[in-house]
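Below, chains carry the letters A, B, ... as their sequence lines are ordered, and counting in each starts from 1. These numbers come from the heavy atoms of this one structure, side chains and all, not from hydrogens, waters or symmetry mates.
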2 protein chains.
Amino acid sequence: MPTTPGPAEPIEPTTPRGRRERPAKPALTRVGIVATAVALTRSEGLERVTMRRLAKELDTGPASLYVYVANTAALHAAVLDELLGEIDLRPARTGGDWRERLVRILSSYTTVLFRNPALARSALVTRPSGPHYLELLEAVLALLAEGGVPDDRAAWGVDALLQFGTATAAEQSARDAAPHAQDEHDALTAAVRNASPQAFPRLTALGTELFTGTGEDRLTWGFHVLINGLSKTARPDRTATT
Amino acid sequence: MPTTPGPAEPIEPTTPRGRRERPAKPALTRVGIVATAVALTRSEGLERVTMRRLAKELDTGPASLYVYVANTAALHAAVLDELLGEIDLRPARTGGDWRERLVRILSSYTTVLFRNPALARSALVTRPSGPHYLELLEAVLALLAEGGVPDDRAAWGVDALLQFGTATAAEQSARDAAPHAQDEHDALTAAVRNASPQAFPRLTALGTELFTGTGEDRLTWGFHVLINGLSKTARPDRTATT
DNA sequence: ACCTGAACACCGTTCAAGT
DNA sequence: ACCTGAACACCGTTCAAGT
C-alpha cells in the first residue's frame with residue numbers, strides 16, 4: 001500500500017515523482033475535449049454527450065467548455081468528423097465495377113452512422129466540414145467521375161447519395177433507440193391492414209409488400225436507384241452548366 | 001359589469017347563463033390536446049410544443065397530458081399527421097405527365113415540412129401512420145402504378161421518395177432555424193476552397209459547383225433522379241417478388 | 001376512478017465575479 | 001487574461017397522494 005488516500009481523493013495514485021498518474025484532470029484543450037466526447041459517444045452514445053455530462057467527465061463545470069466549443073451542435077459535429085475516420089475508403093482505389101465500389105463506400109459511411117443512433121440525426125442537421133468528410137466527398141466524386149457522370153450532376157449527386165445514407169441511418173437507428181419505435185411500425189402496418197380497399201386500392205393491394213426487406217437490402221437498392229437515376233437525369237436548364 | 005370577479009379569476013367573463021365563455025379551460029380530451037398542439041406549432045413552431053409548454057397552454061400540469069398522450073414523440077406525430085392534411089393531392093387525379101404530377105405532390109409534402117423546421121426532423125424519426133399519411137402513400141403509389149413502375153419497386157420506392165423530401169426539409173429547415181447554420185455552410189465552402197488540389201483533385205475541381213442551385217431546384221431534380229432510377233433498377237433477387 | 005402536485009433527474013447557455 | 005460558480009430558464013416523465 002504505497003499511499004494512504006484521504007477521503008477527498010480515494011482513487012488517485014501518484015507516480016514516484018508525486019505527479020498524478022490517472023489523467024483525471026488534464027489541462028482543458030479543444031482536442032482533449034473532443035477526444036473525451038468521442039470516447040463518451042462510443043461508450044454511451046451521442047445522446048449522453050451533453051455539455052453538462054462532458055464537463056462532469058472532465059471534472060469541470062459546463063461553462064468552461066464554452067471557451068473551446070461554440071455550442072452543443074459544434075461539439076457533435078466534431079465528434080462526427082472524428083468517427084467518419086472509420087469509413088473504409090479503399091474501394092475508391094481498387095479495380096472493379098465503379099457502381100459496386102461506390103455503394104461499398106456509401107454503405108461504410110452509413111454503417112458508421114448506424115452504430116451511433118443520434119449521430120445520424122445530428123449529421124442531417126449540421127453538415128460536417130472536417131477532413132474526414134472531405135475525404136469522403138473526394139472518394140465519391142472520384143468514382144462518379146470514373147463512371148462518366150457529368151460534373152454538374154456529380155456535384156449535386158454526391159449530396160443526394162450521402163443524404164440518403166444519413167437519412168436511412170437516422171430513421172433505422174431511431175427504431176433501435178426509442179422503446180416505442182416498434183409500436184409505431186406496427187401502427188403503420190395495422191393502419192395499412194385496416195385501410196379500406198375502396199379508399200386505398202393501391203395501398204391495400206401492396207399490403208405487407210411495403211414493409212418487406214432488410215434495412216441493408218433497401219439501403220443498397222436505394223443507392224443503386226440514385227446512381228442509375230443520376231446517369232439518366234440532366235440538371236434543370238435554369239442553372240448554368242459549367 | 002355582470003359579475004365582480006375575485007382576484008383568483010380576473011379575466012373570466014360569463015355568459016348570461018353563467019357559463020364560462022372564453023374556452024380557457026375546456027375539458028381535456030386527446031382531440032383538444034392535439035388541436036392546441038397544432039395551433040401552438042403554427043404560432044411558435046414544433047420546438048415550443050413541449051409537454052410542459054402545452055400543459056401551460058391548457059391551464060393544467062404536464063402530468064395530466066400523459067393520460068391522453070403516451071409521450072412527446074407521439075404528440076409530435078399526431079401534430080404531423082394533422083398538418084399533412086394541407087398537402088395538395090389533386091395532381092393525383094388530373095391528367096398530364098405522371099412524373100410531373102408525382103413531383104408536384106412530393107413537393108407539396110416537402111413544402112408542408114419546410115414550414116415547420118422541427119417537424120421534418122420528427123417525421124424522420126417517428127414515421128406517421130395517420131389518415132393523411134395514408135392518403136399521401138396512396139396518391140404516390142397510384143402515380144407510380146400509372147407510370148408502369150413494377151409493384152415491388154413501387155413498394156420500396158414510395159419510402160425512398162418521401163424520405164428524400166423529409167430529409168431535404170429537415171436539412172434546409174435547420175439552416176433557417178439555427179443561428180450558426182450559415183457559419184457551418186461557410187465552414188464547408190471554406191474547407192473546400194482551402195483544400196489541396198493534390199489531395200482533393202475532384203473536390204477542388206468542382207469547387208463552388210457543389211453548392212450551386214436553389215433548394216427547390218435541387219429538390220425537384222432529386223425527385224426526378226429517384227423516379228428515373230426507380231424505372232431502371234430491379235430489386236435484389238434475395239427478396240421474393242410478389 | 002380519475003387526475004395532478006410535486007419531485008426526480010436532467011438540459012443549454014450566460015455572465016458576474018473570482019483567480 | 002483566463003476560467004468558472006451559480007443562476008436563469010427551461011426539459012420529460014413518474015408516482016404518491018389527493019378528489
message: Between B:Gly61 and A:Lys56, which residue's closest nucleotide on DNA chain C lies nearer the 5′ terminus?
response: B:Gly61
message: Each nucleotide in nucleotides 12-19 of chain D should get exactly one letter: B, S or -. Can you fill that in based on protein heavy atoms under 4.0 Å?
response: BBBB----
task: Check the pair B:Glu135 / A:Arg202 against salt bridge (Lys or Arg N to Asp or Glu O under 4.0 Å), numbers first and verdict last.
output: CA-CA 10 Å; B:Glu135 278 168 28; A:Arg202 300 298 316 156; over 6 Å; no
- request: Please check the phosphate of D:dC3 (OP1 and OP2 only) for any side-chain N or O of A:Ser64 closer than 4.0 Å.
  value: no
message: Taking only side-chain N and O atoms of A:Thr60, does any of them lie within less than 4.0 angstrom of OP1 or OP2 on D:dT4?
response: yes
- request: Can you tell me, in whole Å, how much space there is between the C1' of C:dC2 and that of D:dA17?
  value: 13 Å
query: Expressed as a whole number of Å, how far does the C1' atom of C:dC10 sit from that of D:dA9?
result: 14 Å
Taking [atom1] from [X] and [atom2] from [N], how many angstroms apart are they, rounded to a whole number?
X	N	atom1	atom2	value
B:Leu65	C:dC3	CG	P	12 Å
A:Asp59	D:dC3	CG	C1'	15 Å
B:Glu47	D:dC10	CD	P	14 Å
B:Ile33	C:dC3	CD1	C1'	12 Å

Taking the side chain as C-beta and beyond, is there a heavy-atom pair between [X] and [Y] under 4.5 Å?
X	Y	result
A:Leu102	A:Leu161	yes
A:Tyr109	A:Thr166	yes
A:Ser196	A:Thr204	no

field: Pair pattern of DNA chain C in dot-bracket, where unpaired bases get dots and | marks partners in another strand, Watson-Crick or G-U under 3.5 angstrom
entry: ||.|||||...|||||.||
message: Tell me if the centroids of the rings in A:Phe223 and A:Phe164 come within less than 6.0 Å of each other.
response: yes
